[in-house]
Amino acid sequence: MYARAGLSARSFSVKETPTFARALGIPHPTGRPGEREIGNRSAARPPVASAAMRMTSLFLRTLRDDPADAEVESHRLLVRAGYVRRISAGIYSWLPLGQRVLRKVEQIVREEMDEAGAQEVLLPIIQPLELWERSGRDQAYGPLMFKLLDRKETGYCLSPTAEEVVSSLVAQEYGSYRDLPLTLYQINWKYRDELRPRFGLLRAREFLMKDAYSFDVDVDAFRASYQRMYDAYHRVFSRSGLTFRAVEAASGEMGGSESREFMAVAAVGEDDFVWCPSCEYAANVEAARRGEGGPAAAGADVPPLEEVGTPDLPGIAGVAAHLRVEPGTLLKSIAFDVDGKLGLAVVPGDREVNELAVAAALEPKQVRLYGDEDFAAHPELPKGYIGPNYQGASVVVADPAVRAGPAWVIGANRTDYHARNAMVGRDFDVDVWADVVTVTPGDPCPRCGMPLSIDRGIEVGHVFNLGTKFSEALEARYTDEKGEQHPMMMGCYGIGVSRVVAAVAEEHHDEHGLSWPAALAPYDVHLIAVPGRGEQAANVVAEADRVYASLRAQRIDVLYDDREVSPGVKFADADLVGVPVQLVVGAKGVGRGVIERKVRATGARDELPLADPGDPRST
RNA sequence: CGGGGAGUAGCGCAGCCCGGUAGCGCACCAGCUUUGGGAGCUGGCGGUCGGGGGUUCAAAUCCCCCCUCCCCGACCA
């Protein structure tokens with residue numbers, strides 16, 4: 001099951017959330033954090049200032065034609081409905097409607113960060129390059145950074161992220177184990193000169209990001225901080241109305257349990273991920289593993305190994321066709337450089353080798369897939385005809401699936417020949433058994449064994465362990481009880497706030513336009529006056545004005561279409577803009593003393609008493 | 001960065017081959033008609049035709065250089 005958003009914003013308390021209790025229950029050296037108040041959200045703070053707006057005043061021009069450059073629905077609709085306008089490649093202006101939605105997302109993030117005990121700061125967008133040189137990331141980020149010079153020719157960059165600034169800030173202020181843990185966050189514009197900005201707000205060069213950084217004394221303390229953020233992220237994306245999964249990210253160094261990407265499920269997503277429809281397992285394709293395959297084949301009577309000619313057929317498909325067998329009955333032997341020696345990874349012919357899995361299986365050895373230059377350096381290797389029994393191989397890693405077949409077709413270790421009837425243990429040996437195939441849909445889940453699915457997603461958030469990389473480079477150290485100095489353990493937590501707006505638009509729209517979840521909608525109610533032409537027209541307008549005033553008095557955010565345009569234009573614009581509830585005050589209804597209501601998402605219509613419509617948001 | 005395409009009114013486009021008055025739809029303004037699912041008629045406003053150079057009596061159109069944008073492949077929130 002996917003985590004599914006409710007329409008109404010829920011409030012969470014520390015006590016109700018088991019993971020909080022767990023996180024807070026972890027003993028702390030000082031004992032102080034237990035007393036520290038986590039979260040200070042109060043009902044007194046309005047999420048976003050309530051507002052009412054007449055469309056005759058609103059800075060909005062909807063477009064009848066699709067913008068020519070929009071490839072995806074979120075981009076197309078956000079431009080057409082007047083939420084954003086492109087100013088340059090990957091750089092957008094946010095118009096009043098868009099600004100309100102962005103603020104709603106921001107506010108949800110802010111509430112959940114505060115609730116999780118993080119403190120909001122605001123760090124500079126313009127940052128000295130010198131800081132980036134200290135961490136070495138001026139090189140690592142390289143052309144992705146927007147760089148500039150001041151009048152003295154000192155180098156600066158526009159912040160693509162803020163580990164350096166926040167680390168040096170904390171290093172200045174804090175230096176004791178008594179100060180920790182600490183989590184700081186900001187919601188601020190980020191700049192990345194992407195090679196190819198595209199998909200509107202989904203991959204922009206200027207984007208609004210929430211970035212948080214945790215500082216802890218050790219790994220255990222870090223895990224508690226990490227867990228609080230991880231839980232908060234679930235609440236943020238649920239409240240935003242996204243269908244999402246927290247996915248194990250591929251990260252060789254960091255370790256999967258401390259790196260999660262939050263993927264909003266969407267066909268236009270740029271990342272594939274594997275997930276289990278039956279349990280909570282989800283992982284990046286590179287990080288994904290599968291469960292046990294079938295049992296090892298019984299030792300059937302297999303004739304001896306027999307060479308067959310396969311001239312000019314180095315590929316699996318060609319050999320399989322030539323021998324009239326399925327590709328799955330062949331074995332692929334893929335060459336790797338393992339600490340400078342030849343290693344082979346062996347998988348069935350219909351599967352792909354997962355490079356990262358091979359590397360993980362052979363740790364701590366350095367593993368690298370052979371490239372053209374490696375084959376050029378080793379002309380004795382019969383590329384395309386290597387078998388798992390190749391004499392020069394220092395190590396053979398095979399997928400457990402290789403155990404399942406009684407006999408295989410393998411490379412014969414000389415060009416233009418393969419061999420059939422190859423048996424594990426008889427004709428070749430395996431040094432390491434490991435799950436090294438790339439997961440494909442239908443593979444068993446490593447947790448529950450049910451078939452896995454693969455989907456595309458938009459990465460809307462990422463939480464991970466930074467270790468001490470930045471605290472060492474920028475000298476963010478603390479002194480422990482014994483007076484010894486240690487670098488702080490850091491975590492990093494990002495949410496693409498402007499990207500969330502696009503991801504939600506991607507999930508919540510139909511052929512008529514946007515359809516916002518209540519939590520993100522720019523307004524709660526779209527009031528439409530349809531006065532008609534007759535004698536009652538003035539009266540209808542007066543009634544609509546009265547309803548408008550009454551909604552404002554209830555502090556309901558209302559967008560009032562008081563324009564003198566045809567009803568069709570008003571209805572079409574209302575559907576395009578996508579406010580969750582539409583109210584029509586028209587000649588027809590006023591005559592009968594009713595207001596017509598339409599729920600944008602479902603199309604459900606009903607009527608409310610004109611004299612006292614109550615709260616039209618509740619159905 | 002490599003490969004493909006495009007820059008003409010705020011938006012969507014035609015005109016370019018074959019050089020000669022810059023056009024259509026939407027939007028905007030005015031008037032009349034219309035008024036429950038993107039109305040009609042009439043009249044208007046709005047353009048350094050991406051920029052620079054060249055050829056020519058004459059360039060949106062032909063030639064050269066540059067810029068920008070979009071689409072397809074390696075990065076990230």
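Order of the sequence lines fixes the chain letters, A, B, ..., with proteins taken first and strands second; residue numbering starts at 1 for each chain. Any value given below was found using the heavy atoms of this structure, including those in side chains, with hydrogens, waters and symmetry copies removed.
Judged by distance alone with a 3.5 Å cut-off, a donor-acceptor contact links the side chain of A:Asp573 to the base of B:G38. Side-chain atoms of A:Arg203 come within donor-acceptor range of the base of B:C75, with a qualifying N/O pair under 3.5 Å. Not a single donor-acceptor pair, N or O on each side, falls under 3.5 Å between the base of B:G38 and the side chain of A:Arg563.
B:C24 and B:C67: their C1' atoms are spaced 29 Å apart (whole Å). Straight-line distance between the P atoms of B:G31 and B:G10: roughly 25 Å, to the nearest whole Å. Taking the C1' atoms as reference points, B:G47 lies 26 Å from B:C64, given to the whole Å. Nucleotides B:A14 and B:G25 have their C1' atoms positioned 11 Å apart, rounded to a whole Å.
Summarising the base pairing, B:G23 is matched to B:C13 through a Watson-Crick or G-U wobble pair whose two defining distances lie under 3.5 Å. The partner of B:A58 is absent, by the rule that a Watson-Crick or G-U pair needs both atom distances under 3.5 Å. Pair check for B:A6 finds B:U68; Watson-Crick or G-U wobble, both atom distances under 3.5 Å. In this structure, B:G43 forms a base pair with B:C29, meeting either the Watson-Crick or the G-U wobble geometry with both donor-acceptor distances under 3.5 Å. Base pairing of B:G38: no nucleotide in any strand meets the Watson-Crick or G-U wobble criterion (both distances under 3.5 Å).
Residue A:Ser566 has a polar side-chain atom (N or O) positioned under 4.0 Å from OP1 or OP2 of B:A39. Under 4.0 angstrom from either OP1 or OP2 of B:U34 there lies no side-chain N or O belonging to A:Arg533. Residue A:Arg198 places at least one side-chain N or O closer than 4.0 Å to OP1 or OP2 of B:C72.
A:Phe207 qualifies as a stacking partner of the B:A77 base, centre to centre under 5.5 Å and near-parallel within 30°.
The closest side-chain donor-acceptor pair between A:Asp211 and A:Tyr213 falls under 3.5 angstrom.
With respect to the salt-bridge test (charged N to carboxylate O, under 4.0 angstrom), the residues A:Arg76 and A:Glu73 qualify.
Aromatic ring orientation, A:Trp189 versus A:Trp94: tilted (interplanar angle from 30° to 60°). Ring pair A:Tyr230/A:Tyr226 is parallel by interplanar angle, where below 30° counts as parallel and above 60° as perpendicular.
Using a 4.0 Å heavy-atom cutoff across all strands shown, A:Asp575 reaches at least one base atom of the nucleic acid.
Contact between A:Tyr281 and A:Arg289 at its shortest, heavy atoms only, is OH-N, 3.2 Å.
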